[in-house]
Amino acid sequence: MSVKSLQGRDLLELADLSAAELKNLLQFAADLKSGIKKPTCRKVLGLLFYKASTRTRVSFSTAIYQLGGQVIDLNPKVTQVGRGEPISDTARVLDRYLDILAVRTFKQEDLETFAHYAKIPVINALTDLEHPCQILADLLTIQECFGQLSGKTIAYLGDGNNVVHSLLLGCALSGVSIRIATPADYQPDRAIVEKGKAIAIDGAEIIVTSDPVAAVEGVHALYTDVWASMGQEDLAEERIPIFQPYQINSTLLSHADPEAIVLHCLPAHRGEEITDEAIEGKQSRVWDQAENRMHAQKALMASLLGTD
Ligand code: CP
Ligand code: NVA
């Protein structure tokens, strides 16, 4: 069954979910993936993406089709919001046509404006601050690999960005300890780290360090993301030498648990944050992780839409 308490709500940040809701959502996603559950809903999803996307765009589209619904691509380049129509106006109009809206944008405040003016469920499909849908898939992948989440430890290496913000909150709510290794000037937002510590269950710890080797010692999963996110392309070149010690490669991997898995939200820059060997190696689970975007978002949409 879908997660009843989520009906009609938004998902703007990972911590919009309680620990119990997250657990139930991941179980629902697993049941959808295995085929135990086959909910249907003839609803219309809008995708409003101000940034590029392959996985999120296609996994949301496929998920709503498989639920029996339809998708409309509201590319800002060809809709009036891209020409300056206020978000508040666009949101109120879209609310009259659509059943659910996924937005990928820069500022979290813009996403919040969409959610404020649209009464339908609004989903964060990535902002500069968070990427909660990604983390639903990541947690589903870790759960599949190890049979449980609570008590596991994950290391995130690289930039203190949107992905690690949602990851640390998702880990906290799932009882997963996380060690975040970044260069000193690229740590995650302190307020989000503190929020993670406040909501952590089952003794899950959040450690922020600049020591990549200490971070990966004995962990069950290693995770990385690009060193320069969308919108930071100008900074990519100068960051390479700063982030080099945080690259996931066979040397760093040798410090982790021998059964550790390697995760990356993709797209990857091979030879930068991860080596070709590590992403193609037997410990890599990146393709399962990418597939799980669809199952997790199907569970999310079915729950927000109140479908059984
Ligand atoms: N991981 C992720 O969100 O990929 P896309 O940017 O391709 O959607
Ligand atoms: N941190 C990356 C994630 C891409 C899926 C970005 O925001 O570009």
Side-chain angles (χ1 to χ4, degrees), residues 11-14 29 45-64 71 73-76 101-111 123-142 156-170 178 180-183 186-189 192 221-237 239-240 242-243 246-248 262-270 272-274 279 284-298 300-301:
L11 183 72
L12 305 184
E13 47 183 285
L14 204 288
L45 164 72
L47 293 181
L48 184 50
F49 281 24
Y50 293 84
K51 294 178 178 175
S53 170
T54 299
R55 279 142 290 271
T56 311
R57 178 185 295 283
V58 180
S59 56
F60 263 114
S61 303
T62 306
I64 199 76
V71 66
D73 185 358
L74 301 157
N75 183 344
L101 174 66
V103 179
R104 171 169 284 203
T105 190
F106 293 86
K107 293 186 198 145
Q108 185 76 11
E109 296 75 31
D110 288 348
L111 174 74
I123 299 173
N124 180 346
L126 183 149
T127 61
D128 291 345
L129 193 69
E130 281 218 37
H131 194 5
C133 294
Q134 176 66 51
I135 275 51
L136 298 180
D138 303 340
L139 294 172
L140 180 60
T141 309
I142 298 169
Y156 173 91
L157 300 119
D159 185 28
N161 63 14
N162 46 6
V163 167
V164 77
H165 289 158
S166 295
L167 182 65
L168 77 87
L169 294 169
I178 181 166
I180 301 162
T182 71
Y186 297 87
Q187 290 185 348
D189 184 300
I192 295 183
L222 290 84
Y223 193 130
T224 191
D225 182 17
V226 291
W227 291 338
S229 287
M230 289 181 277
Q232 300 178 325
E233 288 79 4
D234 293 353
L235 304 170
E237 218 40 48
R239 287 189 175 191
I240 290 174
I242 302 169
F243 281 82
Y246 301 87
Q247 180 190 66
I248 295 186
V262 171
L263 300 172
H264 191 309
C265 57
L266 304 176
H269 291 177
R270 292 161 194 243
E272 293 185 18
E273 75 274 2
I274 192 162
I279 200 167
S284 172
R285 294 291 178 277
V286 300
W287 314 118
D288 293 334
Q289 184 185 4
E291 177 188 332
N292 283 338
R293 297 293 306 277
M294 184 178 68
H295 305 297
Q297 288 155 202
K298 198 191 290 181
L300 175 66
M301 287 193 288

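Counting from 1, the numbers follow the sequence of the chain as shown. Every number for a ligand or one of its atoms is a count from 1 in the order of the listing. Predicted, not measured: the structure shown is a model, and the values here were computed from it.
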Inset, instruction - Assess whether side chain to side chain contact (heavy atoms under 4.5 Å, CB included) is satisfied between Y186 and R239, documenting all intermediate values. - result: CA-CA 10 Å; Y186 297 87; R239 287 189 175 191; 3.6 Å; yes

Legend entry - Side chains of T141 and D288, donor plus acceptor under 3.5 Å: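 Looking only at side-chain atoms, D288 and T141 do not form any donor-acceptor pair under 3.5 Å.
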
Inset, instruction - Would you mind finding which of H131, R104, R293 brings a heavy atom closest to atom 6 (O) of ligand 1? - result: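 Among H131, R104, R293, the closest heavy atom to atom 6 (O) of ligand 1 comes from R104.
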
Legend entry - Member of L167, V163, N161, N124 meeting the side-chain contact (heavy atoms from CB on, under 4.5 Å) criterion with E130: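 Among the candidates, only N124 passes.
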
Inset, instruction - Would you check if the side chain of H269 reaches a backbone N or O of V226 as a donor-acceptor pair within less than 3.5 Å? - result: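 Such a contact is absent between H269 side chain and V226 backbone.
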
Inset, instruction - Walk me through it: do C133 and L300 pass the test side chain to side chain contact (heavy atoms under 4.5 Å, CB included)? - result: CA-CA 9 Å; C133 294; L300 175 66; 4.0 Å; yes

Legend entry - Residues, nucleotides or ligands: over 12 heavy atoms within 6.0 Å of E237 CD: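 Check fails, neighbour count at 12 or below.
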
Inset, instruction - Just need the protein heavy atom nearest to atom 4 (O) of ligand 1, so name the residue and atom and give the distance. - result: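 I find the closest protein heavy atom is R55 NE, 2.9 Å.
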
Inset, instruction - In sequence, state the C-alpha distance, the side-chain angles, and the governing distance for E273 and T224, and then conclude on side-chain hydrogen bond (donor to acceptor under 3.5 Å, both in side chains). - result: CA-CA 7 Å; E273 75 274 2; T224 191; 5.8 Å; no

Legend entry - Under 3.5 Å side-chain donor-acceptor pair for Q289 and D138: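 Checked: Q289/D138 side chains pair up, N/O donor to acceptor below 3.5 Å.
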
Legend entry - Polar contact flag for C265 and ligand 1 (N/O pairs, less than 3.5 Å):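 For ligand 1, there is an N or O atom that lies under 3.5 Å from one belonging to C265.
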
Inset, instruction - Check whether any heavy atom of L126 sits under 4.0 Å from an atom of ligand 1. - result: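 Outside the 4.0 Å threshold, so no.
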
Inset, instruction - Name the closest protein heavy atom to atom 7 (O) of ligand 1, giving the residue it belongs to and the distance to 0.1 Å. - result: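 I find the closest protein heavy atom is T54 N, 2.7 Å.
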
Legend entry - Any donor-acceptor N/O pair, Q232 side chain to S229 backbone, under 3.5 Å: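 Indeed, once roles are kept as given, a pair shorter than 3.5 Å links the two residues.
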
So what's ligand 2 close to, N/O to N/O, under 3.5 Å?
residue, atom, partner, partner atom, Å
ligand 2, 1 (N), N161, ND2, 3.4
ligand 2, 1 (N), N162, OD1, 2.9
ligand 2, 1 (N), D225, OD2, 2.6
ligand 2, 1 (N), S229, OG, 2.7
ligand 2, 7 (O), N162, ND2, 2.8
ligand 2, 7 (O), S229, OG, 3.4
ligand 2, 8 (O), M230, N, 2.8

Legend entry - Close N or O approach (P267, ligand 1; < 3.5 Å):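 Checking ligand 1 against P267, no N or O pair falls under 3.5 Å apart.
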
Legend entry - Per-residue contact class, K51 against ligand 1 - non-hydrogen pairs under 4.0 Å: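 No part of K51 is near ligand 1 at this cut-off.
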
